[in-house]
Amino acid sequence: MNVRRSAAALAAVGVLAAAAPATAAGPSPSPKVAIPSGLYGTSDPTYDGVWRQSLTLVAQRTLGYRPAPKAVDWLAGQQCADGAFAAFRAAPAKACDSKVTVDTNSTAGAAQALKAAGGHDAAVGKAVAWLKSVQNKDGGWGYYPGGASDTNSTSVVIGALAAAGTDPADVRTSGKSPYDLLAAMSLSCDRDGGALAFQPDKKGKKAANADASAAGVLGALGKGFVAQAGKAPAHAACTDAAHPAPAQIADNAGAYLAATVAKSGHLQSTLPGAKDQPDFGNTADTVVALAADGRTEQAKASYAWLEKNASQWAVQSGPAAYAQLILAAHAVGAQPGDFGGTSLVRSLNELGPAPSMDSSAQATKKSEDSGKSGSGLGVWWFVGVCLVAGIGVGFLLSGRKKRQP
């Protein structure tokens, strides 16, 4: 989940720089298109408008906010008549034609967001129906319909299916489900530590990929963008199997991720041409994956690293980055209102139309927005005020007694 889910797919369409959250080279260039009033962020949405909006709405719902109708309507309005979504449509009133390049990631992300927002079941159903119609014979999905299946795209589609109430195991083409694709991308323990590959190269060789592994853990567990701490894996170490079950795929990939971030707490950028530097976005995804797989100790350690180092990246990268960090906080039970002294909640909400707070979450709104952890500060403040008031009353009564004849 970079600014896009698949860095490899972006490289193929020549927009790698727009999808590299590890690169902090300065503010985004001026947008090439006008920014719609309902869209979050101020950077050019050409390649990530639907994706960043989807992550934003999901993060807001996870926090207990009700996304602004304008924001939800903008996302729903991006859908094509056949149910698919493109990365961004500057003229959504115009019907989609062959010039509109739709993709599985935008469609699956939007389906998850619209389901979370509520009231758009018909749109979600159409999106899922379209995704089913473009499933590959190996059970997976590529970034573009008809493209070679990859772990990241397959996993985000699994999230959409699960959100819509559809069991991914029941979605099959040529007898294969998305879990068959993930099993095919799962690598051996002795050579690759149980990692998942993104997809085979032109020679059919598969290489360990941390981004794909993080996505694949959630996919194998049948999870979408949102996950909470799961049960500790039955086997902390990687274990090989000829045909690994989904749970084992997740546990093996989780073991690989835990080992990869154990020393530094973060992943390194592997994008072609990028400097040797931390990959903040994929580290945030790894936190969610580790927590979902029950590896909470390592997940919390990596989240702590993000708290110390990721604030500037989020400022430069915008809504999707803030949403990723909020989802990472949710996964480890941390308070996103106090992220190293910064409120992720306020920072995200200020980038677009203001959401409203659900009545059930009103009690935590003040602590989230103020950047406090909600650990009783309000109670102690009240006690302190009462003490000060009591002292003042005491002095007043004492003075009155002294003036009495």
Side-chain angles (χ1 to χ4, degrees), residues 1-16 19-20 47 51 87 101-109 131-161 168 171-189 191-221 223 238 243-244 246 248-250 252-254 256-257 260 267-274 279 281-282 285-286 289:
M1 232 190 293
N2 292 351
V3 173
R4 282 290 200 156
R5 187 76 204 182
S6 165
L10 283 177
V13 294
V15 293
L16 193 58
Y47 301 109
W51 185 258
T101 305
V102 296
D103 67 83
T104 61
N105 287 224
S106 297
T107 303
L131 289 168
K132 290 180 178 179
S133 74
V134 296
Q135 184 179 20
N136 291 331
K137 292 182 178 180
D138 57 14
W141 285 265
Y143 187 85
Y144 295 115
S149 297
D150 67 77
T151 296
N152 297 52
S153 298
T154 300
S155 296
V156 74
V157 172
I158 287 175
L161 295 173
V171 180
R172 295 175 173 271
T173 297
S174 299
K176 292 188 176 182
S177 79
Y179 295 127
D180 290 306
L181 184 281
L182 295 183
M185 295 297 116
S186 184
L187 304 178
S188 66
C189 296
R191 181 176 177 179
D192 297 293
L196 286 160
F198 173 71
Q199 64 182 188
D201 62 17
K202 294 181 179 179
K203 296 181 179 180
K205 183 179 180 180
K206 291 176 285 190
N209 185 298
D211 178 28
S213 297
V217 167
L218 296 179
L221 293 174
K223 304 289 185 182
C238 183
H243 301 286
Q248 187 174 1
I249 295 171
N252 285 354
Y256 166 79
L257 290 172
T260 302
L267 298 178
Q268 287 291 110
S269 174
T270 58
L271 294 177
D279 189 328
N282 284 335
D285 292 346
T286 295

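Remember, predicted model here, so these are calculated numbers, not experimental data.
Closest approach of Pro178 and Pro168 over heavy atoms only: CD-O, 3.3 Å. Nearest heavy-atom pair across Gln135 and Arg172 is OE1-C, 3.5 Å. Minimum interatomic distance between Ala208 and Ala195 (heavy atoms only, all atoms of both residues): CB-CB, 3.5 Å. The heavy-atom pair separating Ala87 from Tyr47 by the smallest distance is CB-O, 3.7 Å. Residues Leu181 and Ser149 come closest through the heavy atom pair CD2-CB, 3.8 Å. Shown here for Ala108 and Val156, the closest heavy-atom pair between the two residues is CB-O, 3.4 Å.
A distance-only check finds no donor-acceptor pair linking the side chain of Trp51 to the backbone of Asn105 [under 3.5 Å]. Under the 3.5 Å distance criterion, the side-chain polar atoms of Ser174 are left unmatched by any main-chain donor or acceptor of Lys176. Side chain of Thr104 to backbone of Tyr143: a donor-acceptor contact under 3.5 angstrom is found. At distances below 3.5 Å, at least one donor-acceptor pair connects side-chain atoms of Asn136 with backbone N or O atoms of Gly147. Between the Thr286 side chain and the Ala214 main chain, no donor and acceptor come within less than 3.5 Å of each other. Under a 3.5 Å cut-off, the side chain of Ser177 and the backbone N or O of Gly139 do not form any donor-acceptor pair. Between the side chain of Asp279 and the backbone N or O of Asn282, at least one donor-acceptor pair lies under 3.5 Å. Between the side chain of Ser186 and the main chain of Leu196, no donor-acceptor pair closer than 3.5 Å is present.
For the pair Asn252 and Cys189, the minimum side-chain heavy-atom distance is below 4.5 Å. Within the 4.5 Å cutoff, the side chain of Thr101 has heavy atoms near those of the Tyr144 side chain.
Between atom OG of residue Ser213 and atom CG of residue Leu187 there is a gap of 7.5 Å, rounded to the nearest 0.5 Å. Interatomic distance, CZ of Phe198 versus OG1 of Thr154, reported as 9.0 Å (0.5 Å rounding). Rounded to the nearest 0.5 angstrom, Asp138 CG and Met185 CE are separated by 7.0 Å. With values rounded to the nearest 0.5 angstrom, Asp211 atom CG is found 4.5 Å from Asn152 atom CG. To the nearest 0.5 angstrom, Lys223 atom NZ is 9.0 Å from Leu218 atom CG.
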Given Thr151 and Asn209, is the side-chain contact (heavy atoms from CB on, under 4.5 Å) satisfied, shown in steps? CA-CA 10 Å; Thr151 296; Asn209 185 298; over 6 Å; no
side-chain contact (heavy atoms from CB on, under 4.5 Å) for Ile158 and Leu182? Distances and angles first, verdict last. CA-CA 11 Å; Ile158 287 175; Leu182 295 183; 3.9 Å; yes
